[in-house]
2 protein chains.
Amino acid sequence: MTTEERRRTDARPRAFEEVLARIEERIAADGLTVGDRLPGERQLAEQLGVGRSSVREALRVLETLGVVTPQAGRGPDAGAVLTSRPGSALTDLLRLHLGLATLSMREVIDTRLMIEQWAAARAATPPPAVSTGTVSTPTATATATATATARMAEAIAAMDAARDPAEFVEHDIAFHLALAEASGNRLIVAVMRALRDAVRRYAVDAVVRLGDTGGLQDDHRRIHRAIEDGDAGAAAAAVAGHLARAYPESGPDS
Amino acid sequence: MTTEERRRTDARPRAFEEVLARIEERIAADGLTVGDRLPGERQLAEQLGVGRSSVREALRVLETLGVVTPQAGRGPDAGAVLTSRPGSALTDLLRLHLGLATLSMREVIDTRLMIEQWAAARAATPPPAVSTGTVSTPTATATATATATARMAEAIAAMDAARDPAEFVEHDIAFHLALAEASGNRLIVAVMRALRDAVRRYAVDAVVRLGDTGGLQDDHRRIHRAIEDGDAGAAAAAVAGHLARAYPESGPDS
DNA sequence: AGACCAAATATGGTCAGACCATACATCCTG
DNA sequence: CAGGATGTATGGTCTGACCATATTTGGTCT
């Protein structure tokens, strides 16, 4: 029958997927950005000709992906607020897939190594002074890098003052996050944050295993100095050495 | 009343979040992995003492994150099947945040550069023969790398035969995806796939702009050869040269 | 006995309607 | 004019009811 054939080719798009597509179109068409609001759930349901539950599922997906944040009450414009939290989705993603044994800790740590090295080299390299293209302020990234390196110094001092491994790791995360921010790439920052959140416990174990944090701090200072000096090669090398120290080759199972 | 006080401190966890947490607990506790099934929606709702709509929203989140796939019909065990599609979530994430102007194309492309370079160096480096640790077959990754390099060669041939930019890019994606797979890191592969999907159109423009694909193919061959020779440095250098050619510095707005 | 087809059944997908708690707007009162 | 009571729209949730589909089951025909 034609029914069967129809079903085959239709690929059965579900209602909430349709809603998702429409909302995405709307964002692109109206040029909506962070801070703007979507219509209320009931209104959207009526506009799109679907039930409210379908709209809700679509909004839940968008919330999961860090695109909207639900806002109750009665605003002048009502509905969900467009936001930007790409990190939360990545964190959830890693946590769940690690739980499912779809990803191994080794893979996550290796990825982290890759990012750190790249970010360090990138942060040390002054922006190539792109004359064409973006209208955005050329000094903006430079300022961002400056505050980021300042935060790195603060983190180093905080690690010196740390009394236990957990506290040390907390500031260590801040240090490496600042490193990522110094690269000026928001996607990298988001991924970095998610990775560190995922391996937080593992990092504490690593610090405990090492016992002495003096070597790590030497590395941190070396990284920080290399970036301030604008020596990309030295920065990358310093990071490589640092991570080799923290996570020596074989992935311990303990 | 205690009701008001309770509300304040509760930080209002929503029902579907509770369901999410419970399902995650269950996965960890029962050691569920890919292929296993969750109870049906109605059954879950009853077990957890919530409405079916809340269960559905939780499952929708899990589906978005690539953890479950809905399965209709009446199986011996019923309900959603645990899967592993970390890529789809990443793809959606990038697409939406690019649409929201939260991420710039430049950031995405830079990230892609980072991954490609790392993957090439990694693929060229033979596994350091870790004597301890994982029980998994030591030859498994080697085999994966071998088939990946073979796919890279196929992709190069296919690009030679390509008649238009779109087709060329299609096989180019296959080539670079195989490169990522050769690194043996599934997280990297997932991110790579999402990145390529996000910049697919942009890549076609780049090819059209270049006009001649001969240089790109030379690069591809150089990368492939370096990996087969196990020369990590040459592989990384080849990738860097390749991407510098494809995306010359300034981000064109066209 | 074996192959094949039809009813039974459980699933996810969807909608409609109702209720709650909250947050904002309004208006009324002091 | 200030401040609190009231109204209203919002998201959050539950219930109950359908639909289309996919598997099972059981019967029927060969």
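Numbered from 1 within each chain, the chains take letters A, B, ... in sequence-line order. Below, all heavy atoms of this structure are taken into account, side chains as well, without hydrogens, waters or symmetry copies.
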* Can we say A/Arg60 and A/Glu63 salt-bridge, meaning some charged N sits less than 4.0 Å from an Asp/Glu carboxylate O? -> yes
* C/dC15, D/dT13, D/dG12: which one has an atom nearest the side-chain heavy atoms of B/Phe16? -> D/dT13
* Quick one: A/Gln71 CD to D/dT10 P, roughly how many Å, whole number? -> 13 Å
* Asked: Considering only D/dG12, D/dT10, C/dT14, which nucleotide approaches the side chain of A/Gln43 most closely?
  -> D/dT10
* Between A/Asp197 and A/Arg95, is the closest basic N to carboxylate O distance under 4.0 Å? -> no
* Counting N and O atoms only, with roles assigned by atom type, does the side chain of B/Asp30 sit under 3.5 Å from a partner on the main chain of B/Leu32, one being a donor and the other an acceptor? -> no
* Asked: Atom CD of A/Glu41 to atom P of C/dA18: distance rounded to whole Å?
  -> 18 Å
* Can A/Glu57 and A/Arg14 be counted as an ion pair, charged N to O under 4.0 angstrom? -> no
* **ring pair (Phe, Tyr, Trp, His ring centres under 6.0 Å) partners for B/Phe168, two or more places apart** => none
* Asked: Looking at DNA chain C, which of residues 46-56 of chain B put a heavy atom within less than 4.0 Å of it?
  -> B/Arg52, B/Arg56
* To do: Let me know the distance between CD of B/Glu18 and P of D/dC14, rounded to the nearest Å.
  => 11 Å
* Asked: Is B/Glu18 salt-bridged to B/Arg22, going by a charged N under 4.0 Å from an acidic O?
  -> yes
* Asked: Which whole-number value in Å describes the distance from B/Arg37 CZ to C/dT11 P?
  -> 11 Å
